[in-house]
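Only this structure's heavy atoms are used, side chains among them; waters, hydrogens and symmetry mates stay out. Lettering of chains follows the sequences in order, A, B, ..., and the numbering in each one begins at 1.
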Amino acid sequence: MHAEKVKHDFEPKIVAFVCTWCTYAGADLAGTSRMQYPSNVRVVKFPCTGRIDPVFILRAFQKGADGILVSGCHPGDCHYMAGNFHARRRFAAFRKLLEFVGVDLARLQFSWVSAAEGGKWVEVVTELTERIRAMGPLEEFKELELEECWSGKIDTPELQEAYKAIP
Amino acid sequence: MTPAKNILSYSYYPGCSLHASAQEYDVSTKGLFRQLKIGLQEVPDWICCGATPAHNVDELLSLSLCAKNFSLADRVEGDLAVSCAACFSRLKTTQHKLAANDIKRKQVEAAIDGPVSLAKPVKHLLEILAKDYGLDRLKEKVEKPLAGLKVACYYGCLLTRPPEVPELDDSEAPTIMERVIGAAGAETVAWSHRLECCGANFTLSRPGVVLKLSNEILASAKGAGADCIMVACPLCHGNLDIRQKEIEEASGTRYNMPVFYLTQLLALACGVQTSRLGLESNIVSPMGLLREKNLL
Amino acid sequence: MSRIGVFVCHCGENISRTVDVEKVAAAAARLSGVAYATDYKYMCSDPGQGLLKKAVAEHRLDGIVVAACSPRMHEKTFRNAAKSAGLNPFLCEMANIREHCSWVHEDREEATEKAISIVTMLVERVKKNRKLVPITVPITKRSLVIGGGIAGIQAALDIADAGHEVVLVEREPSIGGHMAQLSETFPTLDCSQCIMTPKMVDVANHPNIRLYTYSEIENVEGYIGNFQVTVRKKARSVDMDKCTGCGVCTAKCPQKKIPNSFDRDLGMRPAIYVPFPQAVPNTPVIDRANCTYFKTGKCGVCQKVCGPGAVDYEQQDELVVEPVGAIVVATGFELYDIGPKPAGSPYEGYGEFGYGTIPDVIDGLTFERLASASGPTGGKIVRPSDGKEPKQVVFIQCVGSRAREKGISYCSKICCMYTAKHTMLYHHKVHDGQAYVFFMDARTPGKNYDEFWRRSIEEEEAVYIRGMVSRLYQKGDKVVVMGSDVLVGVQVEIEADLVVLATAVQARTGADSLAQKLGISYDKYNFYSEAHAKLKPVECATAGIYLAGACQGPKDIPDTVSQASAAAAKVMTLFAKAELEREPIVAKVNERNCVACFYCKKVCPYGAVEEKEIRDRNGNLIRVVAYVNPGVCGGCGTCQATCPSKSVELDGYTDEQVIAMIDAL
Amino acid sequence: MKHAKMQLSTETMNVGFVRKVEALSGSSVRRCFQCGKCSAGCPMRSFMEHPPNRIVRLLQLGQYERVLAGRSIWYCASCETCSTRCPNKVDLAAIMDALRKCSWDAQGPSKESLVQLANRLFIDNIKTYGRQYEMRLAAVFNVKSGQFLKDLMLGPKLITKGKLKMFHSKNKNVGEVERIFARIEEMRKKGEAE
Ligand SMILES: Cc1cc2nc3c(=O)[nH]c(=O)nc-3n(C[C@H](O)[C@H](O)[C@H](O)COP(=O)(O)OP(=O)(O)OC[C@H]3O[C@@H](n4cnc5c(N)ncnc54)[C@H](O)[C@@H]3O)c2cc1C
Ligand SMILES: Cc1cc2nc3c(=O)[nH]c(=O)nc-3n(C[C@H](O)[C@H](O)[C@H](O)COP(=O)(O)OP(=O)(O)OC[C@H]3O[C@@H](n4cnc5c(N)ncnc54)[C@H](O)[C@@H]3O)c2cc1C
Ligand code: SF4
Ligand code: SF4
Ligand code: SF4
Ligand code: SF4
Ligand code: SF4
Ligand code: SF4
Ligand code: SF4
Ligand code: SF4
């Protein structure tokens with residue numbers, strides 16, 4: 001059954017940073033199961049959430065993303081044993097930084113979606129899209145010219161601190 | 001002992017109750033068999049099978065009484081037809097145990113002072129009707145189909161349990177009663193308490209037990225939308241029919257649920273005269289129901 | 001300027017039904033750096049791949065994006081096609097416009113738009129892709145097995161039978177492990193020695209096995225295919241080459257009253273001894289701590305009586321380095337100690353059972369020695385206190401195990417079964433005796449296991465009582481057992497002659513320090529961790545190291561032997577190749593930028609990061625930097641995300657590649 | 001008794017009694033693994049102080065006094081539900097029979113008297129008449145149990161419905177029945193039967 005298509009004034013850009021073993025496969029499963037979800041999301045694949053540098057998140061916000069999803073294997077299920085634990089700790093520190101920079105944390109979502117959870121993928125993506133749609137576009141951040149800062153060395157005290165918190 | 005083709009004939013063990021509180025079972029059994037042209041010859045001077053009380057406290061006595069009945073039955077032609085589920089259970093159990101246990105068999109032989117005879121098959125009426133006579137033949141004999149009559153078939157404990165003894169049907173999900181009465185055109189209801197115990201022989205010593213257990217059975221049948229209950233055992237009948245009024249009083253529920261012996265309903269369907277069904281002996285009068293369903 | 005080719009697949013109608021593939025191809029053609037773009041019905045078909053190869057040649061493509069199904073489906077296919085067209089396979093990427101687009105969206109316009117955007121992202125990525133070459137690592141086709149219990153023996157024999165050399169290192173003077181101590185074994189009740197000793201002898205005689213007993217691992221270096229293992233051969237004080245195993249020395253040694261730990265201290269041995277008659281090798285060792293000569297300088301009897309002159313008081317520990325390509329760890333287990341709680345132990349101990357002070361309260365292994373025909377009592381079951389035959393024996397299960405607050409939460413897995421076995425052995429030997437078992441559950445999920453347990457009850461008439469025991473105390477020559485039968489709901493009291501505790505299976509003391517030498521991980525109980533509980537149950541996370549037996553967790557003999565053979569098979573799989581080839585998705589360090597903080601080393605789950613010294617021409621140390629061993633790196637990228645100076649980079653997922661995709665949003 | 005501590009030893013576990021019950025019932029009590037399925041389906045469970053599974057458990061431990069002290073065994077309706085469903089084919093219904101016989105022979109160490117009384121009258125009836133004579137059974141039970149008014153309302157109704165016969169019919173085999181009783185008693189005296 002088809003829900004009547006509603007046109008929205010604002011279609012947010014959502015970027016999903018996912019690991020290849022769990023969430024990417026989960027999204028594949030949603031596909032093979034022909035589940036439906038909003039088309040706003042763009043997937044960037046990583047070997048592991050451990051590889052996801054917070055810089056990518058800032059970069060994506062800066063380049064027009066209105067919402068970001070970071071998703072990997074459930075704790076304990078990491079293909080590389082512990083990558084997702086490191087990612088989790090890293091992002092805990094990173095959220096503080098984002099808040100400091102002035103990004104509404106509701107725009108950044110972390111979740112665990114396993115290769116078997118096609119349904120959960122759809123749920124997470126749909127919820128995030130709807131939430132961001134309601135929040136409207138992310139304007140403040142795009143204007144910030146952060147390019148130099150991110151591509152070069154990390155020398156703001158906040159980032160340094162965030163990195164120090166990483167085990 | 002196998003009867004000649006098509007002409008069935010049995011020796012008959014009615015059991016004590018059928019000569020007293022369950023006389024309508026006896027009357028209707030004889031009526032039905034006559035109508036179906038099945039021979040039925042009562043074992044002369046049969047004795048009590050011992051029922052529950054005997055095996056309850058004295059297995060040897062129980063086995064001996066049944067074994068004695070086997071030798072009495074050997075004097076009459078035909079497999080042994082039994083209508084009472086309790087007698088059936090005792091007789092079958094005895095056959096089962098004595099066939100398997102030489103020590104017990106020897107003791108019984110000493111007790112009855114004669115050989116134990118296990119050759120004659122013991123058959124419950126249901127088995128005779130469903131297997132020997134056959135449901136197709138039964139259907140042909142139906143003159144007054146029990147159309148519209150919703151029957152809850154009540155097996156109770158002993159018709160099917162334990163599985164290796166009666167060998168009548170699946171012990172947990174039997175259908176033989178439903179198939180037999182279904183052949184007579186009745187509608188059978190699916191209900192939960194077909195195999196639950198009614199309290200059996202506590203009727204005298206601990207009627208409280210009966211009131212509780214039988215109430216659950218009546219409630220289940222009623223809840224399933226049954227018009228009546230059909231039984232194959234005088235003990236069940238006693239508890240569900242004779243004590244029904246008491247149960248109603250104790251539980252504060254009105255059931256007014258006629259309880260038929262299977263032979264009463266079958267004989268009715270096969271056109272036996274209403275007066276020969278023993279219906280007047282039923283404590284919960286079934287007349288209203290039968291009239292309502294145009295079966296009288 | 002790159003020359004990228006874009007191939008958009010219809011997948012029959014799977015994609016083209018919702019995505020306007022022609023429009024996607026047209027849009028792709030307009031992207032900068034795209035030299036060729038087309039669409040085709042089935043890209044993975046032979047003609048589809050042919051189309052791709054032809055285009056590579058015709059348009060001199062230096063990058064490819066196939067917009068089709070999930071890379072999990074066909075990335076290999078298209079990378080192989082690229083390779084056969086003469087392109088480095090890692091310059092080919094897939095844009096997933098089926099699972100992530102056409103199948104999950106209905107609106108044609110939206111889906112087409114999304115497909116174009118996905119293709120754009122991948123085109124930008126491919127531009128930054130580098131040629132990568134699969135990594136090859138040489139393999140030393142010899143293996144090390146640590147621990148000579150049944151696990152180590154089985155693994156060593158399997159590998160050796162396959163024609164590869166094995167170095168078997170055993171800490172004790174003889175191989176055999178716990179199985180050598182057992183009497184008869186469930187579920188078949190065969191005699192442990194009878195099935196064990198032939199294997200031990202096979203080990204000793206196998207031309208491919210080099211056996212080091214009374215030896216330990218000193219140091220491990222290297223990585224899969226290339227380990228350098230240093231073995232410490234402890235001084236035996238007997239020259240293995242000269243000794244004939246005649247046994248004269250042990251018979252003549254005046255020190256005879258040393259408790260024999262192999263017999264759980266039930267019997268005595270001399271200072272120069274073999275732990276048990278069937279020991280392999282059958283060469284004695286001098287227990288220096290208890291030898292008069294080593295304590296006072298006097299005696300020397302053994303040396304005098306030894307015909308071949310094998311006794312050598314001057315012998316020193318010896319270190320040997322063995323190069324191996326794979327390691328099997330099979331160091332087994334220990335039993336929970338029923339004695340008083342050692343200082344610093346995380347376990348609480350059993351004060352209520354007397355902390356091991358009641359002589360007739362023993363553990364399961366001691367019972368095995370009592371029941372063993374080759375044990376100190378010749379198989380006669382007697383109680384330690386007075387040597388009398390016990391008529392009422394109480395067995396208590398789950399002692400230590402399943403007692404979270406006492407320190408151990410897990411089930412030891414074997415004790416239900418061996419307790420059932422004990423009741424049988426007891427009943428076979430003491431016909432008028434009665435065995436009682438206090439238990440919580442009977443955990444018997446093996447083939448023929450539950451039947452075995454039921455037999456102990458139904459045929460051997462053991463009385464099982466569901467409930468734990470509260471307390472034990474000595475009363476005269478009896479041990480009073482205060483329990484309860486939770487099924488009946490009453491307290492139970494038994495005056496026992498002997499009480500046998502089924503104590504928990506624990507990791508070896510020191511298991512953690514061996515793990516640290518090997519660089520493998522272990523759980524909070526010091527059992528070694530497998531790489532994946534279900535799919536890699538014998539592999540360690542550290543490549544080239546495998547696990548066998550009870551060192552990984554409580555296990556009985558059938559499970560131990562299965563795992564040992566599986567570990568051996570893994571080793572043989574590794575050795576079946578000439579060289580190790582792996583995907584080149586590994587991290588590389590930029591040594592110029594590295595500030596040697598070694599955060600990367602800390603986070604790497606594979607232990608792939610090493611410290612590398614940079615020296616000048618004269619050999620002077622200039623500085624230390626991180627180095628990722630490509631043979632070990634698993635390719636997770638955690639180091640890269642962690643490195644504060646951006647000095648380490650994961651091939652295939654470089655910052656450049658990722659940022660290019662993000663920028664293409 | 002119910003809550004008293006159980007002292008277990010080869011002396012306190014009456015194996016002889018258990019063997020007798022096993023022989024009478026033809027069913028092993030050791031096979032029972034205490035799953036409780038018997039009790040789960042027993043229609044009489046709520047009337048019993050020891051549910052069927054516990055009866056078996058007590059037998060496993062040779063605790064016959066505890067079994068016979070309660071009235072549980074007399075509340076078993078012999079419905080065979082337990083025996084039918086037991087995963088180990090422990091024939092509990094037969095075990096109940098055996099236990100009742102043991103209790104009966106021991107001149108009723110059980111507390112339950114009414115069921116025993118009814119059983120005794122029933123069996124006496126057989127001995128005297130060869131068949132059941134329900135009228136007499138009910139009448140005597142009422143007198144002996146002191147429950148004079150019990151079922152008073154039911155009796156007359158049954159008589160009018162022809163369900164209670166005032167008189168019993170003669171049976172030629174009464175003598176033979178009596179002899180069966182006598183022979184069994186004789187065998188027991190001689191120890192030829194349980
Ligand atoms: C009381 C009892 C009864 C049992 N009965 C049975 C039974 O009937 N049936 C059954 O299937 N199972 C039984 N088991 C289980 C059985 O003992 C184990 O499954 C088996 O012994 C495990 O073998 P393993 O080789 O892994 O460990 P182990 O037998 O413990 O062998 C490990 C070996 O490694 C050596 N080692 C340890 N650390 C080092 C080191 N650092 N360097 C070098 N060497 C080292 C040890 O000295 C030992 O020789 C029983 C266990 C117990 C406790
Ligand atoms: C309800 C349930 C839940 C479970 N949950 C878990 C769990 O959470 N964790 C866990 O570790 N395990 C679990 N398991 C156990 C797990 O499913 C098994 O361990 C595992 O599937 C066994 O794998 P197998 O390959 O041996 O057998 P199977 O999975 O049965 O595979 C056998 C294959 O052989 C094929 N086959 C059969 N006969 C032939 C023939 N003659 N010729 C050719 N092919 C043939 C079959 O078609 C089948 O594909 C669960 C099992 C069940 C039933
Ligand atoms: S390449 Fe993939 S999408 Fe294309 S036809 Fe093959 S399976 Fe289908
Ligand atoms: S050391 Fe000498 S005496 Fe001892 S066993 Fe060896 S050869 Fe014999
Ligand atoms: S030197 Fe030591 S080992 Fe040798 S006989 Fe003397 S005490 Fe024994
Ligand atoms: S195997 Fe049995 S005795 Fe051992 S810990 Fe587990 S449940 Fe307890
Ligand atoms: S984290 Fe980076 S800087 Fe630190 S040691 Fe590793 S590579 Fe060098
Ligand atoms: S990519 Fe992962 S496995 Fe490789 S060195 Fe970095 S952290 Fe270790
Ligand atoms: S059902 Fe059978 S096994 Fe289960 S408790 Fe009852 S008697 Fe024992
Ligand atoms: S036979 Fe007795 S114990 Fe068994 S279920 Fe029926 S009433 Fe209960």
Derivation of the side chain to side chain contact (heavy atoms under 4.5 Å, CB included) call for A:R34 and C:V104
CA-CA 6 Å; A:R34 310 297 201 273; C:V104 289; over 6 Å; no
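- C:M661 and A:V43 get closest at one heavy-atom pair: CE-O, 4.2 Å.
- Atom CD in C:E110 sits 7.0 Å away from atom CG in A:N40 (nearest 0.5 Å).
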Derivation and outcome, side chain to side chain contact (heavy atoms under 4.5 Å, CB included), residues C:S70 and A:Y24
CA-CA 9 Å; C:S70 170; A:Y24 194 91; 3.6 Å; yes
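- When all heavy atoms of A:D28 and C:R72 are compared, the pair lying nearest together is OD2-NE, 3.0 Å.
- The environment of A:K45 atom NZ is dense: over 12 non-hydrogen atoms of other residues, nucleotides or ligands sit within 6.0 angstrom.
- The two residues C:L650 and A:P47 come nearest to each other via the heavy atoms CD2-CG, 3.6 Å.
- Taking A:C19, A:A25, A:S33, A:P38 one by one and counting their heavy-atom pairs under 4.5 Å with chain C, the maximum is reached by A:A25.
- No hydrogens or angles considered: a donor-acceptor pair under 3.5 Å links the side chains of C:S117 and A:R42.
- For the atom pair A:S39 OG and C:E109 CD, the distance stands at 10.0 Å (nearest 0.5 Å).
- Side-chain N or O atoms of C:K114 include one that pairs as donor or acceptor with a backbone N or O of A:V41 at under 3.5 Å.
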Show, in sequence, the C-alpha distance, side-chain angles and deciding distance for A:V15 and C:I662, and conclude whether the side chain to side chain contact (heavy atoms under 4.5 Å, CB included) test is met.
CA-CA 8 Å; A:V15 181; C:I662 295 174; 5.6 Å; no
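- Looking only at heavy-atom pairs under 4.5 Å with chain A, the residue among C:L122, C:I585, C:N96 that has the most is C:N96.
- Closest of all the heavy-atom pairs between A:C48 and C:C636 is CB-O, 3.5 Å.
- The number of heavy atoms from other shown groups lying within 6.0 Å of NZ (A:K120) is above 12.
- Between C:M121 and A:V44, the closest heavy-atom pair is CE-CG2, 3.7 Å.
- Distance OH/C:Y653 to CD1/A:I52: 11.0 Å, rounded to 0.5 Å.
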Just do the salt bridge (charged side-chain N to carboxylate O under 4.0 Å, His left out) check on C:D655 and A:R59 with the steps written out, would you?
CA-CA 11 Å; C:D655 279 359; A:R59 182 79 175 201; over 6 Å; no
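- Aromatic ring pairs are classed by plane angle as parallel below 30°, tilted from 30° to 60° and perpendicular above 60°; the pair A:Y37 and C:H105 is perpendicular.
- Here A:T32 contributes atom OG1 and C:E99 contributes atom CD; the two are 6.5 Å apart, rounded to the nearest 0.5 Å.
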